[in-house]
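In the text below, chain A, chain B and the rest are named by the order of the sequence lines, each starting its count at 1.
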Number of protein chains: 2
Amino acid sequence: MFNKETEYALRGLVYIKLQNLKERRPGTLEVAKEIEAPPFFTAKILQRLVRSGFLRSLKGKGGGFFFDPGKPDLPIINLISAIEGDRSFSGCSFGLKQCDSDNPCPLHEKYAPIKEALNKLITEESVQSLAEKVYKKEFSLNEFLK
Amino acid sequence: MFNKETEYALRGLVYIKLQNLKERRPGTLEVAKEIEAPPFFTAKILQRLVRSGFLRSLKGKGGGFFFDPGKPDLPIINLISAIEGDRSFSGCSFGLKQCDSDNPCPLHEKYAPIKEALNKLITEESVQSLAEKVYKKEFSLNEFLK
DNA sequence: TTATTAAAAGACAAAAAGGTCTTTTGGTAA
DNA sequence: TTACCAAAAGACCTTTTTGTCTTTTAATAA
Ligand code: FES
Ligand code: FES
């Protein structure tokens with residue numbers, strides 16, 4: 001569905017937010033371990049997210065990653081776009097230059113509604129909303145991870 | 001959505017089927033040109049499809065690619081599985097080891113129905129059904145291709 | 001039976017994705 | 001003010017994906 005970097009970023013940010021809710025600021029090693037991602041790669045990804053302004057960090061003792069409390073929620077469509085580019089769910093499944101109901105590919109009729117649902121999903125859900133769900137124990141963050 | 005190889009295979013096979021309907025057997029160069037894919041890469045992909053048994057070919061003058069008239073339709077899920085492996089639309093969007101309603105990730109609730117729709121789509125549609133749609137001029141094969 | 005045609009086979013290579021590691025920088029706390 | 005800690009930066013590497021090209025094999029037609 002998503003590529004590895006997006007997947008790790010998503011899981012990592014949800015984990016960080018979850019810890020922030022508990023007044024904690026996890027570091028790279030902790031995040032990597034909890035989301036079962038490669039530690040160095042996780043570090044690199046988190047660094048990029050800080051540079052992109054999605055996340056904040058503190059160096060030194062007691063340091064780690066955290067969300068700016070003043071910022072609004074981060075819809076995952078923004079995250080996906082930043083990492084994978086705007087290819088998101090705008091393109092034609094068949095490879096036409098653009099997905100256009102006026103010049104539809106043979107998959108369009110059935111694919112367009114699905115694409116719309118996907119776009120709705122990633123627009124509506126945010127890192128924070130996902131973390132909330134995990135916090136309420138309704139959903140799992142890392143059980144049976146790949 | 002799909003990777004390049006799958007995309008070219010899909011478009012290529014639909015084009016070939018379309019030409020077969022017109023009693024023609026296109027060759028690699030023609031297919032590549034019509035679906036706007038790299039010629040050598042297209043040739044390699046078609047060769048693989050022949051080896052996989054999805055397609056047939058004839059060498060020499062008047063040669064080219066064609067579908068075995070005796071064979072049943074080819075659902076595109078089979079094509080996708082053969083090229084990309086079974087990763088298809090079985091996995092968890094969040095990266096959990098498996099998508100399981102008993103241990104759902106925070107995206108599951110909204111993503112599962114979408115996944116189901118995708119699986120329905122690729123199971124129901126076949127190379128032949130897609131070619132039919134193009135044949136009836138209802139849908140476009142290569143207008144505005146990437 | 002030979003020339004021609006077109007696919008098959010497979011080596012090679014560029015680009016992108018995924019991942020590792022070392023060094024530097026900037027904080028914290030004793 | 002020193003020792004330590006943890007993120008930042010960036011070089012480097014591996015694997016996968018995407019793509020190119022040459023040589024060989026097989027079919028057809030003259
Ligand atoms: S035109 Fe192909 S999916 Fe819309
Ligand atoms: S468990 Fe994640 S999509 Fe189903």
Using side chain to side chain donor-acceptor pair (under 3.5 Å), reason through A:Ser81 and A:Asn78 one step at a time and then give a plain yes or no. CA-CA 5 Å; A:Ser81 296; A:Asn78 295 13; 5.9 Å; no
Can you tell me the distance, in whole Å, between the [atom1] atom of [X] and the [atom2] atom of [N]?
X	N	atom1	atom2	value
B:Phe41	C:dA11	CZ	C1'	16 Å
A:Phe40	D:dA11	CZ	P	17 Å
B:Ile45	C:dG10	CD1	C1'	16 Å
B:Asn3	C:dG18	CG	P	13 Å
A:Ile83	C:dA16	CD1	C1'	16 Å
B:Arg56	C:dA6	CZ	C1'	16 Å
B:Glu30	C:dA6	CD	P	11 Å
A:Lys4	D:dT15	NZ	P	16 Å

Write down the atom of A:Ala9, the atom of A:Ile45, and the distance for their closest heavy-atom approach. CB-CG2, 3.9 Å
Looking at A:Cys99 and A:Ser90, what are the two nearest heavy atoms and their distance? CB-O, 3.7 Å
May I ask you to decide if [Y]'s main-chain N or O and [X]'s side chain share a donor-acceptor pair within less than 3.5 Å?
X	Y	answer
A:Ser52	A:Arg48	yes
B:Arg11	B:Ile35	yes
A:Arg25	A:Gly62	yes

Step-by-step side-chain contact (heavy atoms from CB on, under 4.5 Å) determination, A:Arg24 to A:Phe66: CA-CA 8 Å; A:Arg24 298 190 63 251; A:Phe66 61 100; over 6 Å; no
Determine whether a donor-acceptor pair (one donor, one acceptor, N or O, separation below 3.5 Å) exists between the side chain of B:Lys44 and the base of D:dG19. yes
Given salt bridge (charged side-chain N to carboxylate O under 4.0 Å, His left out), test B:Glu125 with B:Lys120 step by step and report yes or no. CA-CA 8 Å; B:Glu125 294 292 342; B:Lys120 186 161 181 283; over 6 Å; no
Measuring to OP1 and OP2 of D:dG19, would you say a side-chain N or O of B:Tyr8 lies under 4.0 angstrom away? yes
Could you pull out the protein-nucleic contacts involving nucleotides 6-8 of chain D (nitrogen or oxygen on both sides, under 3.5 Å)?
{"from": "D:dA6", "atom 1": "O4'", "to": "A:Gly60", "atom 2": "N", "distance (Å)": "3.4"}
{"from": "D:dA6", "atom 1": "O4'", "to": "A:Gly60", "atom 2": "O", "distance (Å)": "3.3"}
{"from": "D:dA7", "atom 1": "OP1", "to": "A:Thr28", "atom 2": "N", "distance (Å)": "3.4"}
{"from": "D:dA7", "atom 1": "OP2", "to": "A:Thr28", "atom 2": "OG1", "distance (Å)": "3.4"}
{"from": "D:dA7", "atom 1": "O3'", "to": "A:Ser57", "atom 2": "OG", "distance (Å)": "3.1"}
{"from": "D:dA8", "atom 1": "OP1", "to": "A:Ser57", "atom 2": "OG", "distance (Å)": "2.8"}
{"from": "D:dA8", "atom 1": "N7", "to": "A:Gln47", "atom 2": "NE2", "distance (Å)": "3.2"}

Work out how much the helix from C:dT1-D:dA30 to C:dA30-D:dT1 bends between its end axes, five pairs an end, to the nearest 10 degrees. 10°
More than 12 foreign heavy atoms under 6.0 Å from CD of B:Glu124: is that the case here? yes
